Structures are given as C-alpha cells and as structure tokens.
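Data first, discussion second: the structure below is written as structure tokens.
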Amino acid sequence: MLAIVAEGFLSRLSFGIISLALPLYAHRLGLSLFEIGMLMTLNQAVAMALKPVMGWVADRVGLKRSFTAAIFFRSLIALCLVVAQSPWQLYGIKSIHGASKALRDPAANALIAEQGGKKAIASAFAWYHTAKIVAGSMGKALAGILLTLTASNFSLVFNIAFLLSLLPLYSVARYVKSDRRSGHKSIHDSARPARAGSKAGPVSVPAKVAPPNIIEPSVSASSKGVILSFSILSFAINGTAEMLRGLFPILATEYAGLNEAETGLIYTASTMIVLVSGPIFGWLSDHGRQELVLLVRSLGNILSSIVYILAPDLAGFMVGKLADDAGKGAFRPAWGALMTHVSSFAPRRRAQTMSWMLLGEDAGAIAGPVLAGLLWSTWGLSVMLGVRVLLAIATEAYTIYLSRSIAAFDRPKAASNR
C-alpha cells in the first residue's frame, strides 16, 4: 500500500506540473480559449469511452501488469510534450493520456481493494487520494516557480515532469505485490475429481468456500442492478461536487471581488483541510460511520452554496471552500470502501466492476461544470447555487436509499454462507 500511495503522490506531482504548464504552452502555440478547454477535457472523454474495456483488460492481464503499463504510458506523455510543436500533436498526446487513465484507474482502485486490508480499506483510499491532492497542488506551485525562473522554458519544465514520472514506475514495479487471485484457481481446481490413474484421491472443498465458477455467475447477475445504481450515485455525487470546478476563480474574483492572491490563499487553505480531513474520514468510515461520512459530502455542497450567496467576501469564500473540500475529503474514502464492497460480489471481475462505477464519476465531473455554466449564464448565480443545493439534498436521499438496499442485498448472501 505504501508503494501505491507513493505512486499516487509522485504521478500527481508530475501531472500537477503539466496541468499548469500545458494550457500556457497551448496558448503560446496559438490555441483559442475554447480549443484549450477542449484540449484539457479530451483525456476525460477518452477515458470514459475506454474505461469499461480497460477494466476488462485489467482483470485478464493482471492488475499489477495493467497498473505498471498505464504508468509507463503516462510517463511518455511528458516526454512527448517536450517535442510537441503543433496543436494536433497536443490533442494526440491528451488522447494517449485518456487511454492510460482508463487503464490505470480501475487497476489502481482494484489493487487498493485487494491490498488495503479489510478493516482499513476506507483509510487506504483516504491516504491514496490525500497524497494525490497534496501532490497536485505542489506540482502546480512547482510549475509556476520553474516557469518564472526559466523565463517560460516549457521544454525544461516538461523534462522535469518526465523525470518525476519515472519514480512511480519504479515504485510500482519493485514493491507492489501481484494480484491475490491464485486462490480462486486453486479452489476451482480442487473441485474437480481426480483423474483416472491418479494416486491421490479427490480433494474436498472447504464447506464455507464454493468454487468461484459456481458463485460468481449468480452473484454477478443479481448484482448488475446494484452496480448500475451505484454508478448513478457516483454520477450524482461527483456531478454536484464538481459543478464549481473551473468556475470558482471566476466566482471569487468577479462576484466576491477577491484578487488573485486572496484566491490563491483560499486554494492553499483548502489543500491543508483535505490533508487533515481525508485520513480522519477514512478512519470514521472504517469504524461504522460510512453513512455519516457520505452525509458530510452533501452538507459540504449545501453549506458552501449558501455561504457563497450570503457572504461574498474573503472570510465567507474561505469557509465555503473549506466546507466544500472537507466534503470531498469525506467522499473519497467512503466511496472507495463502497466500490470495494460492490466489486467483491464478483472478485474475478473486480476491475471491470469498478470501471463502471468510475465511469459514472467521470461523467459527473464533465456534466457538473457544464450544467453550472449553463444555469449561471442563463438564470444567474443564485439559481445555479440553489439548484446545487437541491441536487445535494436529492443525492443524499438517494444515498440513504442505496445504503439500505445494499444491506438488504447482503442479508440473503450472508445467510447462504452460514
């Protein structure tokens, strides 16, 4: 797990540099603001299209192999940016980024589910996502310093990002354990009768363990609705949470009248709150407070939206952003634990199951800002934030409903294993 967390930190540190430098480099090459916006979301769209297929590939090739391959291709992105000289090359590089993301996300989440520990799975996801958030902020800060010191030498900055991206590749290849799936095969084989002429008699299967080829089809068939329901939930939660992604700087400067330095101070404080809140909420989720932790996500959306309207100043926006990001820190560990639980219904298809749940998360990240921009430009800021409050309330009601449904789904499954 330490190697996986290190990968999350080092990879996001590298891509934090790229995420700040790439739009500036694209602008230098002559891309318009619309074209830059399309460029920065292209990888998300490609990842959405390929993620279910890549989840299927990860289950069959192996989680560690898929994870390592995805990191390798991600490291090539920074190297390709060093020599990119035209807009079409940037679009091609971002498409490769999307394909690597589609392979990496299901494999990474499945590895955490298998190696994070049953009693601390939410904490494992919490530390992983906390490391990524902190590293992303550090990478953006580092990119700003490097571009300033080198008079916007983008080639040097991308080279540094490439060198940093090689470190997680070594970490994963050297220290991450292989998939814990050999047990499935041995149980399956032990259920077969002994071949004629064999000296050994048939090997009995333990009473509490059934062969996976008997268990998985029935469980998979009955859990399809559960997977779809949680994919919709991830779309609703992430879509509501990400409505202000990309719009917050405009909201802070034009509506609240803050300057760039004050807006940057808010982002710095929000990074610190995530650093503290993520592990705390992971611990709470592991100790039977999962519904409470998920409630914090919705409360963060509601509180921040109300505060932005009622207190359009530095203090109000600081409180609102901290509430928003504390909710994000609560969502990640609880959502990781939920994905682990749902994907356990078919452990040999864990990455594919997670890919469908992550697909809803990606769709929400794209739809949320689009909806917010449409509402803001058409009916005004108050309507947009009011809709965000209503969506957060509806999402919380749906979360409670699903939590009870999954408990009802587990009861007959638990009874059959007694």
Side-chain angles (χ1 to χ4, degrees), residues 1-16 19 44 47 51 63 67 70-71 74 101-102 104-117 120-140 168 171-172 176 230 233-235 237-242 245 267 269-286 289-290 293-294 296-298 300-301 321-343 351 354-355 357-362 364-365 368:
M1 268 308 304
L2 183 60
I4 296 174
V5 171
E7 182 279 328
F9 179 86
L10 294 169
S11 290
R12 186 55 63 90
L13 182 65
S14 170
F15 269 82
S19 65
Q44 198 84 2
K51 194 162 283 186
L63 299 181
F67 193 33
I71 298 170
R74 279 177 65 114
K101 176 179 172 62
R104 176 186 174 277
D105 287 355
N109 283 278
L111 278 170
I112 295 173
E114 292 196 350
Q115 303 188 9
I121 189 65
S123 295
F125 277 99
W127 282 111
Y128 180 69
H129 287 289
T130 299
K132 289 173 64 177
I133 291 171
V134 172
S137 298
M138 291 176 60
K140 292 174 183 177
S171 174
V172 169
V176 173
F230 276 94
L233 176 64
S234 68
F235 172 82
I237 292 179
N238 216 41
T240 309
E242 297 293 338
R245 183 170 61 91
Y267 275 104
S270 69
T271 301
M272 298 304 297
I273 198 68
V274 171
L275 179 61
V276 175
S277 66
I280 292 175
F281 287 125
W283 183 89
L284 287 173
S285 184
D286 283 326
R289 298 292 185 270
Q290 193 171 88
V293 170
L294 287 173
V296 173
R297 168 66 275 173
S298 298
N301 289 336
K321 191 70 168 68
L322 293 181
D324 223 354
D325 287 349
K328 291 180 181 179
F331 166 68
R332 289 299 176 183
W335 177 240
L338 278 174
M339 285 198 300
T340 300
H341 183 65
V342 174
S343 65
M354 286 187 165
S355 70
M357 300 177 73
L358 291 167
L359 188 64
E361 187 178 329
D362 291 341

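These numbers come from the heavy atoms of this one structure, side chains and all, not from hydrogens, waters or symmetry mates. Being a predicted model, the structure only gives us computed values, none of them experimental.
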* Asked: Less than 4.5 Å apart, any side-chain heavy atom of Leu111 and any of Met1?
  -> no

Within the 3.5 Å criterion, strictly below it, is a donor on Ser123 or Asp286 matched to an acceptor on the partner's side chain?
yes

Closest heavy-atom pair, Val5 versus Ala131, reported as atoms and distance to 0.1 Å, is CG1-CB, 3.8 Å

What one should report as the nearest heavy-atom pair of Ala3 and Val176 is CB-CG2, 3.8 Å

In short, Ile121 meets Ala337 closest at the heavy-atom pair CG2-CB, 4.0 Å

Quick check: do Val172 and Ile4 have side-chain heavy atoms less than 4.5 Å from each other? no

Could you tell me whether the side chain of Leu358 reaches within less than 4.5 Å of the side chain of Glu361, counting heavy atoms only? yes

Phe230 side chain near Met339 side chain, heavy-atom distance below 4.5 Å:
no

Interatomic distance, CG@Asp325 vs CG@Leu275, rounded to 0.5 Å, equals 12.5 Å

Per side-chain contact (heavy atoms from CB on, under 4.5 Å), Trp335 is matched among His129, Met357, Arg297 by Met357

One pair to check against side chain to side chain contact (heavy atoms under 4.5 Å, CB included): Thr340 and Met354. What are the steps and the verdict? CA-CA 8 Å; Thr340 300; Met354 286 187 165; 4.1 Å; yes

Closer than 3.5 angstrom, by distance alone: can the side chain of Ser11 be matched with the main-chain N or O of Gly8 as a donor-acceptor pair? no

Notebook entry, point to check: Ignoring hydrogens and geometry, is there a side-chain-to-backbone donor-acceptor pair from Ser285 to Gly282 under 3.5 Å?
Noted result: no

Note: Ala6 and Ser171 closest approach over all heavy atoms is CB-OG, 3.9 Å

Please determine whether side chain to side chain contact (heavy atoms under 4.5 Å, CB included) holds for the pair Phe281 and Arg332, giving the CA-CA distance in whole Å, both sets of side-chain angles, and the decisive distance to 0.1 Å.
CA-CA 9 Å; Phe281 287 125; Arg332 289 299 176 183; over 6 Å; no

Rounding to 0.5 Å, atoms CZ (Arg12) and CD1 (Ile133) come to a distance of 8.0 Å

Is the shortest heavy-atom distance from the side chain of Lys101 to the side chain of Gln44 under 4.5 Å? yes

Interatomic distance, CG@Leu63 vs CD1@Ile112, rounded to 0.5 Å, equals 11.0 Å

On a heavy-atom basis, the closest approach of Phe125 and Gly336 is CE1-O, 3.3 Å

What one should report as the nearest heavy-atom pair of Gly16 and Ser19 is O-OG, 2.9 Å

The reported gap from OG in Ser343 to CG in Asn109 (rounded to nearest 0.5 angstrom) is 9.0 Å

Report yes if some heavy atom in the side chain of Phe67 is under 4.5 Å from a heavy atom in the side chain of Arg104; otherwise report no. yes

